[in-house]
Amino acid sequence: MLDVQAIAHPPLAPLAAAGVIRREDYTPPDWQVPEIALDFALDAAATRVRATLQVVRSSAHDQPLVLDGGGQTPLSVIVDGVAINDWRLEGGALIVPLSGAAHVVETEVEIAPERNTQLMGLYASGGNLCTQCEAEGFRRITFFPDRPDVLSVYTVRLAADKARYPVLLANGDPIAAGDLPDGRHWAEWRDPFPKPSYLFALVAGDLVANRATFTTMSGRDVALGIWVRAADLPKTEHALAALQTSMAWDERVYGREYDLDVFNIVAVDDFNFGAMENKGLNIFNSRYILADADTATDYDFDAIAAVVAHEYFHNWSGNRITCRDWFQLSLKEGFTVFRDQGFSADQGSAAVKRIEDVRGLRAAQFPEDAGPLAHPIRPDEYQEISNFYTATIYNKGAEVIRMIATILGPERFRAGTDLYFDRFDGTAATCEDFVASMEAGSGVDLSQFRLWYAQAGTPRVTASLHHDTGSDRATLTVSQRTPPTPGQPSKQPMVLPLKLKLFGAQTAQTLAPEQLVLLDQPTEHIVFEGVGERPILSINRGFSAPVVIETDRSAADLAFLSAHDDDPFARYEAMQQLMLDTLVESAANGTADHQAVIAAIAGTLDNAALDPAFIAEAVLLPSDAFVGDQMARVDPEAIFRAREALRADVGQRLAGRWRAAYDAAQVDRFEYTPAAKGLRRLKTVALGYIAASGVDDAAGLAFAQFEGADNMTDRQGALATLVAGESPERVAALDIFYNRYGDNALVLDKWFQVQALSSRADTLATVEELARHRDFTLANPNRARALIGAFSANQRAFHAADGAGYRFVADQLIALDKLNPQTAAKMIPPLGRWRRFDEARAALMRQELERIVATPGLSKDMFEQASKSLAG
Ligand code: B3K
Ligand code: ZN
């Protein structure tokens, strides 16, 4: 159904070749740096950094030493103890002529952390100093070969004012500390594990720690610390527990043990993304650390555990084995996401976790793969690597690892990962190294499977089942096709692991048990014998392959699967397909028969054997955006109307059931357990349908939930319901929320976000006003994302026919780019989806992209995203 329609437009001039980095151009570094000593005289306005590098020529060549830089000028350059003058700067890099095989090179620079608004390198946040180096931030701290295949042992000395920065942390283990004259103090840290510069970190600040000990499987004690502002200490219990659970899980599931004597995590408020896996000193966006029932939702609690686990797991998949170059990013990210997904699945409902992960993939990665920024999980080229921390690298990357695990089975997969960790420990490896280890450890040939690393685009699979009653034989015909993507006009067939099962339409019996088929041809036929009644196809069970499936299954067959399939994902999927088909028809024709969806939802609500957490996911309608993805041309208003009509009908026709579900889901007291979470989720989903039904007391019910809640999940759920409506309670609840939480930045983000996501017709006006609110700032990435990012995910409001939504977002991104290019560029993709819309909207979106590209002083980050979005 999805068909990206090309709209004629004049071709854009080819991108300047000079700024493009290509995977095929990789060459090993000319110089290695086995040891580095760093000496920081820390100060927010002016920090002095002295770096002492032991450099070793890698091969017989006559190249000078090239140290990447980030705009600094060296105060001094000393080679083997002698100051030199014949260095030069070239494109920010420091070129040092050297004659021998090994030298000691010292440089000194001065940097200004408090003026660092990009939040890359050393910067100030909330009065503390911290770093972010991945991917290329280290060069903004000191001159260094800032590439992941240069591994060094780091010794770091930090000195700072003791009253202002009483805590001084760096990677590795603490070696020594002491006081200095003038109220200053110092600390020295050493990390014995060679690491690339992107894993360097330091923190200096007024912090306290929630501490614990973890005893590893070989009996070593590790001192754990979660460092936060003193007032936030009570909100660190969940993260600390998640860390301990993660450490034990990685030992049990992957045989990976922690290696240093300390493991510290620091929470900071200003952070470009979620968190960072610096060796022994993870630095986190505070939203992925701080939680208590009053301020964090269940979603937040789950995300905290997942991100803590993810960063911890990087200690092996990322740090002990790092990436040879940034084209290999998915080597650490795809694998680590797969690992954190497995961890989260083990903490609660694996079925609900899988549903959430697939929903996320479809919301972020499928559109990326179908649009102008599509790239393989191992890209071939980039201009700015920060733009490649994408859903494709992370989430499709994880799906690719999941397929390997599915094809190999658990024992052989573990043999493969053991071999990989063993072979490549202490090195900078490639995706190919990983796949080769999987093959060698399992004995399974993955030659054709490697196409998943090279080809972009989401494969589309059509499946049609034919039953021959005479011979009791069913034949499934399956065809695959991967659409063209930028730079890849034609594709080869992929290896698709599809889990299949057949059910009897009359008896609901299993006619063919679940089997895994590996498709590797454009079209294949799979024959099932002994099929004595009409079979119903359950396909891609568990979402075993990250593909789009198109079948000719009727609404009745989907309804059957939604009631009888024993694979929870397939059951959810059948329901979603039923809803999607109904919504697409209704958006196209202005009306559709809702009966099949209503009956399926009723059946799901009535099924006492189902877990409330699963029911809540299964009865939710697909998002506006996902409905749009099924249409040849997205019609935001028609989709909105279709979805509202279906919601109202489901709400009214099942009114009694929603009340019953709502009442049954009341819990006495907040508990963070899978069962209590499931009930809370179902409660707010039911509240949404009650409100959609239009009954008089809906706003009162929501307001009562809002006021009476002893937890943020219930409170935010009720607020979101109220904010979508017109009731007087809406304004009251927003005011109460603001007054209650106005001094808590993370909760205030929710206040901004819930309004930006509202489906009301006046959302743009509200958001424009919020952008002028005294609590709004583009300088804090969480706040910028809460308003601008959320608004551009609001299909109805962002795609207002007059283009005002596009103009607002472009204005904000142009302003943000001057402060923080990385965060601004991440919010370009919604504007790049112009091909999916009608010509008028497409023209308005292009106009904004063109305005962005033409902005004087635009960053490389924004230029790459915006110009590719225009060209695609
Ligand atoms: N590795 C970091 C992401 C760095 C992003 C740099 N633009 C966090 C993570 O994926 O675990
Ligand atoms: Zn990661």
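In each ligand, atom 1 is the first atom listed, and ligand 1 is the first ligand listed. Values reported hereafter were calculated over all heavy atoms of this structure, with side chains retained and with hydrogens, waters and symmetry mates removed.
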Exercise. Among all residues two or more places apart in sequence or in another chain, which pass the side chain to side chain donor-acceptor pair (under 3.5 Å) test with Thr430?
Worked result: Asp433
For this session: Could you pull out every protein residue that has a heavy atom closer than 4.0 Å to ligand 1, ordered by chain and then number?
Result: Glu134, Phe273, Ala275, Met276, Glu277, His310, Glu311, His314, Lys332, Glu333, Tyr389, Tyr394, Gln822
Seminar exercise, completed: Note: NE2(His314)-the Zn ion (ligand 2)-NE2(His310) angle, rounded to 10 degrees, equals 100°
Problem set entry | the Zn ion (ligand 2) to nearest N/O/S of Glu333 below 2.8 Å | yes
Problem set entry | NZ/NE/NH1/NH2 to OD/OE distance under 4.0 Å, Glu864 and Lys860 | no
Exercise. Who pairs with Lys826 by salt bridge (Lys or Arg N to Asp or Glu O under 4.0 Å), at least two apart in sequence or on another chain?
Worked result: none
For this session: Look at the aromatic rings of Phe413 and Phe338 and report parallel, tilted or perpendicular, splitting at 30° and 60°.
Result: perpendicular
For this session: Please identify each residue that fulfils side chain to side chain donor-acceptor pair (under 3.5 Å) with Asn820, with sequence neighbours left out.
Result: Asn272, Thr823
Exercise. Which atom names give the shortest non-hydrogen contact between Thr142 and Leu38, and what distance separates them?
Worked result: CG2-CD2, 4.1 Å
Exercise. Do we see a donor-acceptor contact under 3.5 Å between the side chains of Tyr198 and Glu136?
Worked result: no
